Amino acid sequence: MKKYNPKIIEQKWQKVWEDDKTFSVLVDHDKPKFYVLEMFPYPSGDIHMGHVRNYTLGDLMARYKHAKGFNVLHPMGWDSFGLPAENAAIENEIHPRKWTLSNISKMKSQLKKMGLSYDWKRELSTCEPEYYKHEQKMFLDFYKNKIAYRKETWVNWDPIEQTVLANEQVIDGKGWRSGALVEKRKMNGWFLKITDFSNELLDELKQLHNWPEKVKIMQKNWIGKSVGAIIKFEVNEINDHIEVFSTRPDTIFGASFIAISPQHPFAIKIMEKNEKIKDFVNKTNFTSTSEAEIEKNEKIGIDTNFTANHPFNKSKKIPIFIANFILIDYGSGAIFGCPAHDQRDLDFARKYKLEILPVVAKFANTTVKINKKAYTDEGIMINSEFLNNLNVNDAINKSIEKLEEIGAGKKNINFRLRDWGVSRQRYWGCPIPIIYCDKCGEVPVPVKDLPVKLPESISFDKTGNPLSNNKKWKIVDCPKCKSKSVRETDTFDTFFESSWYFAKFTDEKNNDPLSKSSLNYWLPVDLYIGGIEHAVLHLLYSRFFIKALNKINQIEFKEPFSSLQTQGMVCHRTFKNKKGEWIFPKDVYHENNNYYLFSNNELVHSGRIEKMSKSKKNVIDPNIIIEKYGADTARFFILSDSPPERDMEWTESGVDGSWRFLNKLWNFLNKEDYNNIDSKFIHPSEKKDIELIKFTYKMIKNITKSIDNFHFNIAIASIRSLFNEINSYECNSNLCLVFKKFSLSQLIILLNPICPHFCEEAWEKLGYKTKLFNQKWPEIRSKYLLDDKILIPIQVNGKKRGEILVEKNLTENQVSQLAVKQPSVEKFLLKKPSKIIVIPNRIINIVV
RNA sequence: GCGAGCGUGGUGGAAUAGGUAGACACAUGAGACUUAAAAUCUCAAGCCCUUAUUGGGCGUGGGGGUUCAAGUCCCCCCGCUCGUACCA
């Protein structure tokens, strides 16, 4: 008997699949289609366990759906524009393109070793002009339809590098390379009008039945629709006014201050004449644009010494503050503060000793005392003139009505969602196809001149945007008047590429990515799998992109992904040596509950189990695992322990366990020669045979259901159970070998989506001449799923005291009479039962 | 800060629509095989008490509640993770 040798088996089948073009698909209207897609990777150079997990999940589903009779599209590509290539260029003096291409080729060969069923002829890479020419065209269409526009925006500016920084490049308010204090700066940039689609993006979440609820809630909150009022406050000291948005216009009589953003036009206007205010505003400029940073800062404000009139009480003067926590992008960049009924307002009022007047009480005509906590519950209006005695909801409507009557405000629906800024001041991205001409202004590049290619020759020596420094590329003739003009030197946010790549995969000839025939056949994506970190941005941008393309009549559908599954992180224990330096797990061995270094047997400190990350060195290289155990073991383990959506811990012992299982199965298969055993199904008549067949069908049902529900760890538990059952099946005749071969064959078909190389080889060993890949998924024979007797637990006062084996479908009366006579139950029935609850075929609870 | 999620034996996890908590594994212990070890196979096992069982109590991050019945539903608290708009 030959030992299980994954290296030989996996190479053999990978070659067969490649030679036969097994995974190559075409449009086929006679078959139902299934488009399964995993989020494509950024080509960092090496696959990591997160990729292994993601792609194993997708491959399992692709192979499963194929066995179920679907025409399956399962493609892969590269999200290949982005910052890391540019960083590598600066650090190692390597061209971003060269770096990226070499990473792609490395990663591709690593992926191929996993035995994934990709249709590689559809491979795409977003950094190629062949890809981005299409999105330049889409951008021009958006521009024509006023979905793309240019406006000023705030960016993180590094004054030493003379460059815009990403939020992650700002560390403690300083530039990551220069260490300079980062300042906010206004700059022109291109935007997409996602806010035109706010309502649709929100409403159509309801149609995404197969998306995780949590993702939909996150998107809903991100879009942040709120109904309220815009209220106009006249400024007393000068001729000006400030508009605020509020969801609680009912609390207007409790308003004790107005707070505006440091970037608010009114703040900019008055800072010129007031040094103190100027200092304050300038100080708030030294934070990053990140919302988390802004919110975590101490909330401070400055009194402008201007006051505003209360709209309903002209004698009331409300102080105007500038505050660092008011976001210019939200609402109108200004609020009125009602400290009694908003916690943040209350904290602010306490700090600056402002009035705190309660206007909502639990009951009418009562008083409310505000201490540390604002009163934010429902209630009845007090201290509010014409609003008194109304409940909050009615008061909101009435206050808006009155505001409209006196012309001081109006009802308003506000969204938290902001337009999508797509401009990046970087080289390694898709050029934005616009030319600026002194005479003609913004001129779109004519479609016949697309793609606007990135210049090959580029220098990262100077500070600032490399494209902007590249005069040869930048200076062009105006397409309209032919006078000397300049190109837009910003490139697209890389979310632009990932917002439509799933559509490009349907176009195998690279003519027209939006060609209707294949697009309408394959899309929407039936199953999209990726990390939860993309819950909002990538997934919302993609939804928007499809809606925008739909609006300009380029595609017919409205949602890109009909079902979504999110996967958790792959974690590993962390290790540190005596000096406190991180240690790779591969350099450590485990003995007597301690960990030691291989090199010198030094005791290693074992730390928390955390997400695998290069910085903490708690990474396991998939290549080493595949080299040592083979792809099938890696695939089996990564699915076996944790459900996909949860974080999982990678352990050596877990991989070993999976390896042992495949070996056990291999050795078991090799014990018999199944070549001449009949593979036709025979109905069993002996008890042990019936039991084996019944168990087999039960597991087929469980496994099928678990896969449909995306619970692959349970599917694997059932596969193991099925193997345990077959393994303990006593077999000493030729007839029983038929049953054994039948059950084993089912097991192999069920395991195939998880361990495809192993199973193809096993299938051959079982004597089949066809390819397992094309084998249909087992059908259920319901006759073998029926049980006539059933074990029912008996509880007394909710505690289990016994169980009885009864005929199915007895009456409640019959069952309860049997139950009270059970010896283990009877002794708890000192008093007469007051109630017996019988849930048919499930449980009995006797209450005494 | 805000939004979202998660928390079950020594470990990963299972548990249909509120109905037997701990499936299936890993690690551990004992035994078999072996000159020995590895590998493999068999058995045991949530914790505590116990007359050692075919007995009892406790137990799903902590505290409270609803229910005949709560890992599951509700309220409060703790811890961890993701996102927070220029990382992808």
Side-chain angles (χ1 to χ4, degrees), chain A residues 39 41-42 44 79 81-84 87 153 155-156 164-170 189 212-215 217-222 224 288-297 299 325 329 344 416-426 493-495 498 531-538 540-541 566 568-569 571 590 593 608-611 640-643 645-649 651-658 660-661 663-664 667 705 709 711 713-714 716-721 724 791-800 802-803 823-824 834-837 839 842-847:
Chain A
M39 289 179 184
Y42 179 80
S44 56
D79 188 12
F81 272 139
L83 266 183
N87 294 334
T153 179
V155 294
N156 300 314
V164 178
L165 297 180
N167 281 333
E168 73 155 12
Q169 297 173 321
V170 182
E213 212 52 44
K214 62 177 169 188
V215 175
I217 294 170
M218 279 190 259
Q219 292 211 353
K220 183 180 169 219
N221 291 335
W222 184 265
S288 96
T289 56
S290 138
E291 189 197 321
E293 287 300 316
I294 295 166
E295 286 282 346
K296 268 186 242 161
N297 279 336
K299 296 181 175 49
F325 58 91
D329 298 307
R344 199 169 63 176
R416 207 185 77 97
L417 183 66
R418 315 197 291 255
D419 275 340
W420 173 15
V422 293
S423 278
R424 298 291 181 270
Q425 295 68 34
R426 323 235 178 266
D493 174 9
T494 56
F495 276 126
S498 56
I532 185 70
E533 67 273 19
H534 293 293
V536 177
L537 292 182
H538 163 58
L540 192 68
Y541 290 150
T566 56
M569 299 176 300
C571 304
H590 184 220
N593 272 327
R608 283 179 4 136
I609 293 156
E610 293 185 63
K611 176 183 181 174
S640 67
D641 264 20
S642 306
E645 71 279 5
R646 225 194 279 184
D647 291 350
M648 69 164 291
E649 187 196 346
T651 58
E652 274 303 303
S653 55
V655 190
D656 271 334
S658 302
R660 279 204 300 271
F661 175 74
N663 275 282
K664 261 195 274 187
N667 294 337
K705 197 173 122 196
N709 292 334
H711 293 161
N713 55 327
I714 307 172
I716 287 187
S718 299
I719 286 172
R720 285 177 180 271
S721 299
N724 292 344
L791 193 65
I792 300 181
I794 307 163
Q795 296 180 329
V796 179
N797 290 337
K799 280 200 174 119
K800 187 190 163 193
E803 48 195 14
S824 60
S834 58
K835 204 173 175 187
I836 300 181
I837 293 149
I839 310 295
R842 287 195 97 161
I843 201 163
I844 301 156
N845 192 8
I846 304 167
V847 187

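A quick note: this is a predicted structure, and the numbers were derived from the prediction, not measured. Protein chains get the first letters and strands the later ones, always in sequence-line order, with residue 1 at the start of each.
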Check every atom of [options] against the side chain of [X] and return the nucleotide holding the closest atom.
X	options	value
A/Val155	B/G12, B/C86, B/U20	B/C86
A/Asp641	B/U81, B/G1, B/G12	B/G12
A/Trp222	B/U84, B/C86, B/C68	B/U84
A/Met218	B/U81, B/A4, B/G19	B/A4
A/Asn167	B/A85, B/C58, B/C24	B/A85
A/Ile843	B/C82, B/G5, B/G19	B/G19
A/Asn221	B/A88, B/A4, B/C86	B/A4
A/Ile532	B/A27, B/C82, B/U11	B/C82
A/Ala717	B/C87, B/C68, B/C24	B/C24
A/Ser653	B/G19, B/A85, B/A27	B/A27

Give me syn or anti for B/U53, where syn covers glycosidic angles within 90 degrees of 0.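 For B/U53, whose glycosidic angle is within 90° of 0, the conformation is syn.
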
Taking pairing as Watson-Crick or G-U wobble with both contacts under 3.5 Å, can you name the mate of [N], or confirm there isn't one?
N	answer
B/A37	none
B/C24	B/G12
B/G3	B/C82

On a whole-Å scale, what distance lies between the [atom1] atoms belonging to [N] and [M]?
N	M	atom1	answer
B/U35	B/U42	C1'	23 Å
B/C78	B/G63	C1'	11 Å
B/A38	B/C33	P	15 Å
B/A25	B/C74	P	34 Å
B/G19	B/C86	P	45 Å
B/G3	B/A45	C1'	44 Å

Mapping A/Val164 and A/Arg720 to their closest nucleotides on RNA chain B, which lands nearer the 5' end?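 So the residue in question is A/Arg720.
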
Return the 5'-most residue of the pair A/Ser640, A/Lys800 with respect to RNA chain B, ranking by each residue's nearest nucleotide.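 By nearest-heavy-atom nucleotide position, the 5'-most residue is A/Ser640.
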
Would you indicate what [X] reaches in the nucleic acid, counting non-hydrogen atoms under 4.0 angstrom: base, sugar-phosphate, or nothing?
X	value
A/Ser290	sugar-phosphate
A/Gln169	nothing
A/Asp647	sugar-phosphate
A/Ala292	base
A/Leu537	base
A/Phe661	nothing
A/Pro643	sugar-phosphate
A/Asn724	sugar-phosphate
A/His711	nothing
A/Met648	nothing
A/Ile839	base
A/Ile716	nothing
A/Ile837	base
A/Lys664	sugar-phosphate

Just the rounded figure in Å: distance from [atom2] of [N] to [atom1] of [X].
X	N	atom1	atom2	result
A/Glu652	B/A27	CD	P	11 Å
A/Asn797	B/U20	CG	C1'	16 Å
A/Phe495	B/C87	CZ	C1'	8 Å
A/Glu168	B/C86	CD	P	12 Å
A/Asn845	B/G18	CG	C1'	12 Å
A/Met569	B/C6	CE	P	14 Å
A/Leu791	B/G19	CG	C1'	14 Å

Verify the contact: side-chain N or O of [X] to OP1 or OP2 of [N], cut-off strictly under 4.0 Å; return yes or no.
X	N	result
A/Lys799	B/C58	yes
A/Arg842	B/U16	no
A/Arg424	B/C86	yes
A/Arg646	B/A14	yes
A/Ser642	B/G13	yes
A/Asn713	B/A25	no

Which heavy atom of A/Arg720 sits nearest a heavy atom of A/Gly657, and at what distance?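 In terms of heavy atoms, the two residues are closest at NH2-O, 4.0 Å.
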
Between A/Val164 and A/Arg426, what is the shortest heavy-atom contact and its length?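 That would be O-NH1, 3.4 Å.
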
Which label fits A/His534 and A/Phe495: parallel for a plane angle under 30°, tilted from 30 to 60°, or perpendicular past 60°?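 The rings of A/His534 and A/Phe495 stand perpendicular, inter-plane angle above 60°.
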
Does [X] use its side chain to pair, donor to acceptor, with the backbone of [Y] at less than 3.5 Å?
X	Y	value
A/Asp647	A/Gly568	no
A/Arg424	A/Asp493	no
A/Asn156	A/Leu165	yes

Salt bridge check, A/Arg416 against A/Glu291: does any charged N sit closer than 4.0 Å to a carboxylate O?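 Looking at A/Glu291 and A/Arg416, the cut-off is met.
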
I'd like to know if A/Glu645 reaches the base of B/G5 with its side chain such that a donor and an acceptor end up less than 3.5 angstrom apart.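 No, no donor-acceptor pair under 3.5 Å.
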
